[in-house]
There are 2 protein chains.
Amino acid sequence: MKKLTKVLNTLMVEIFNDILTIEQTALKKGHFSDLSVTEMHTIEAIGMYHPRTMSEVALDLKITVGTLTTAINRLVKKGYVERKRVEDDRRVVKIQLTKKGKLAYRIHEKFHTDMIHAMIEGLNVEDEEILVKSLSQLSNYLKKHYHLNE
Amino acid sequence: MKKLTKVLNTLMVEIFNDILTIEQTALKKGHFSDLSVTEMHTIEAIGMYHPRTMSEVALDLKITVGTLTTAINRLVKKGYVERKRVEDDRRVVKIQLTKKGKLAYRIHEKFHTDMIHAMIEGLNVEDEEILVKSLSQLSNYLKKHYHLNE
DNA sequence: TAGATATACTTTGATTATCAAAATATTTGA
DNA sequence: TCAAATATTTTGATAATCAAAGTATATCTA
């Protein structure tokens, strides 16, 4: 393997694993020690502003609605999420974050922005463009080669 | 949130999720449809060349040895891994990849190098350096701020 | 407009991944 | 020699996941 490829691969794998580990331990130690990474991502997918249906959120998370049902059961019990039936169409359930859920969302958001700030610290504008370009190329490659467009 | 931060954050999250999804579906569709992502990572951690102990591999994967035992049971049953007792110290079990395991390892390795090649396609040497620099900064930040050094 | 079909969600039953703690086998040290 | 330490496996529990079956409601068609 070419040296640069090896360096970049190692970096990407490390970053990947570190982020997973950090999300776990940061949650365990922090204010929301009763949330798993999966639960945090569910909260992220529900989002801050509009109530969303079970189907929408399950699609975003790429899990079945059945799986989401059990996840939401737990998040409701823990006080992060609220469920309500839609009166216009009583088959539909909308879920939204409680105050506590929104707080968790914001803290997780900050975790993300802190990371990005660290990544771009000391880069000038041209450097930033190159970073965006290379990551875009990777993202496009992944979507093209693996037909990930929804 | 600053625009650049938002763009980079979105890119990173997308790449993160896409890679997870791709690993899953690529495995399912490919030659090794009986391997989960977790199992593939276990194969990766065992490595191509030297037999390794249960404790070593569990440490690398950041899982308990008990969890690894059940994972290895399945991989042995499926023919990817071999176990052997060490004669000098009969408490120790060394695990190594079978021929089939090594083939899986190489295919997964190629998946990684293909991705990296896509990421750096069209970049010149200075661009590459900036990419390495920014990813290194991110990696260092993660390790420093979260005490991840083993 | 009644009955069939479709839709949105929940429940059920099964599997995988995980941990902590107990159990087993072996080695080392006093 | 036997107590303590080490390496692994087993056990019992929980979370995350899916497919398929079940429930409630809405829509379409004859």
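Treat the numbers as computed from the prediction; the structure is a model and nothing was measured. All chains are named by letter (A, B, ...) in the order of the sequence lines, taking the proteins before the strands, and each is independently numbered beginning at 1.
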Asker: If you define the side chain from C-beta out and look only at heavy atoms, does anything of I116(B) sit under 4.5 Å from M12(A)?
Answerer: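 In contact.
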
Asker: Picking from dA16(D), dC18(D), dT11(C), which would you name as closest to the side chain of I63(A)?
Answerer: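 Between dA16(D), dC18(D), dT11(C), the one nearest the side chain of I63(A) would be dC18(D).
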
Asker: Could you state the atom-to-atom distance from CG of L35(A) to C1' of dT14(D) in whole Å?
Answerer: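 Computing the L35(A):CG to dT14(D):C1' distance gives 16 Å.
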
Asker: To the nearest Å, how far apart are N73(B) CG and dT18(C) P?
Answerer: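 In whole Å, dT18(C) P lies 14 Å from N73(B) CG.
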
Asker: Hey, which sits more toward the 5' end of DNA chain D by its nearest nucleotide, G66(A) or E87(A)?
Answerer: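 Looking at the nearest nucleotide for each, G66(A) comes out on the 5' side.
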
Asker: Run the ring pair (Phe, Tyr, Trp, His ring centres under 6.0 Å) test against Y141(A) and tell me which residues pass, sequence neighbours left out.
Answerer: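 Ring pair (Phe, Tyr, Trp, His ring centres under 6.0 Å) check on Y141(A) returns H145(A).
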
Asker: With sequence neighbours left out, what residues match L59(A) under side-chain contact (heavy atoms from CB on, under 4.5 Å)?
Answerer: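 In terms of side-chain contact (heavy atoms from CB on, under 4.5 Å), with neighbours along the sequence ignored, L59(A) is linked to no residue.
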
Asker: From CG of L59(A) over to P of dA8(C), roughly how many Å is that when rounded to an integer?
Answerer: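 Value for this atom pair: 12 Å.
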
Asker: Going by the rule side chain to side chain donor-acceptor pair (under 3.5 Å), which residues pair with T53(A) if we only count those two or more places apart in sequence or in a different chain?
Answerer: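 T53(A) satisfies side chain to side chain donor-acceptor pair (under 3.5 Å) with no other residue.
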
Asker: Just N and O in the side chain of T70(A): are any of them under 4.0 Å from OP1 or OP2 of dT10(C)?
Answerer: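 For T70(A), the contact criterion (side-chain N or O under 4.0 Å from OP1 or OP2 of dT10(C)) is not met.
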
Asker: With sequence neighbours left out, which residue pairs that include part of residues 121-130 of chain A fulfil the side chain to side chain donor-acceptor pair (under 3.5 Å) condition?
Answerer: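 Of all non-adjacent pairs touching residues 121-130 of chain A, none passes side chain to side chain donor-acceptor pair (under 3.5 Å).
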
Asker: Rounded to whole angstrom units, what separation is found between the CG atom of D88(A) and the P atom of dT7(C)?
Answerer: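 My rounded result for the distance is 19 Å.
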
Asker: Show me the protein contacts with nucleotides 6-8 of chain D, counting only N or O atoms at under 3.5 Å.
Answerer:
residue	atom	partner	partner atom	Å
dT6(D)	O4'	R91(B)	NH1	3.3
dT6(D)	O2	R91(B)	NH1	3.1
dT8(D)	OP1	M54(B)	N	3.3
dT8(D)	OP1	V93(B)	N	3.0
dT8(D)	OP1	V93(B)	O	3.0
dT8(D)	OP2	S55(B)	N	2.9
dT8(D)	OP2	S55(B)	OG	2.1

Asker: Would you say that I95(A) contacts L75(A) through its side chain, given a criterion of any heavy-atom pair below 4.5 Å between the two side chains?
Answerer: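 SC-SC contact between I95(A) and L75(A) ruled out.
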
Asker: Kindly say if T67(A) contacts the phosphate of dC18(D), meaning a side-chain N or O under 4.0 Å from OP1 or OP2.
Answerer: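 Answer yes for this pair, as a side-chain N or O of T67(A) is under 4.0 Å from OP1 or OP2.
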
Asker: Looking at T64(A), I'd like to know whether one of its side-chain N or O atoms comes within less than 4.0 Å of OP1 or OP2 on dT17(D).
Answerer: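 Answer no for this pair, as no side-chain N or O of T64(A) is under 4.0 Å from OP1 or OP2.
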
Asker: Calculate the interatomic distance between L68(A) atom CG and dA19(D) atom C1'; express it in whole Å.
Answerer: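 Interatomic distance, CG of L68(A) to C1' of dA19(D): 16 Å.
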
Asker: Which ILVMFWY residues can you reach from V125(A) by hopping between side chains whose heavy atoms are under 4.5 Å apart?
Answerer: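 For V125(A), no cluster forms, as it stays isolated from other hydrophobic side chains.
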
Asker: Please report the distance, rounded to the nearest Å, between CD1 in I72(B) and C1' in dT10(D).
Answerer: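 So the two atoms are 16 Å apart, to the nearest Å.
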
Asker: To the nearest angstrom, how far is K62(A) atom NZ from dA16(D) atom C1'?
Answerer: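 In whole Å, dA16(D) C1' and K62(A) NZ are 17 Å from each other.
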
Asker: Sequence neighbours excluded, which residues qualify as side-chain contact (heavy atoms from CB on, under 4.5 Å) partners of T98(B)?
Answerer: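 Checked T98(B) against side-chain contact (heavy atoms from CB on, under 4.5 Å); matches are E82(B), K100(B).
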
Asker: Not counting sequence neighbours, which residues clear salt bridge (charged side-chain N to carboxylate O under 4.0 Å, His left out) with R106(B)? List them please.
Answerer: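 Testing R106(B) for salt bridge (charged side-chain N to carboxylate O under 4.0 Å, His left out), a comparison that skips the adjacent residues, returns none.
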
Asker: Below 4.0 angstrom, which residues in residues 38-51 of chain A have at least one non-hydrogen atom near DNA chain D?
Answerer: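 Within residues 38-51 of chain A, the residues near DNA chain D are T38(A).
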
Asker: Taking atom P of dT28(C) as reference, at what distance in whole Å does atom CZ of R90(B) sit?
Answerer: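 Computing the R90(B):CZ to dT28(C):P distance gives 14 Å.
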
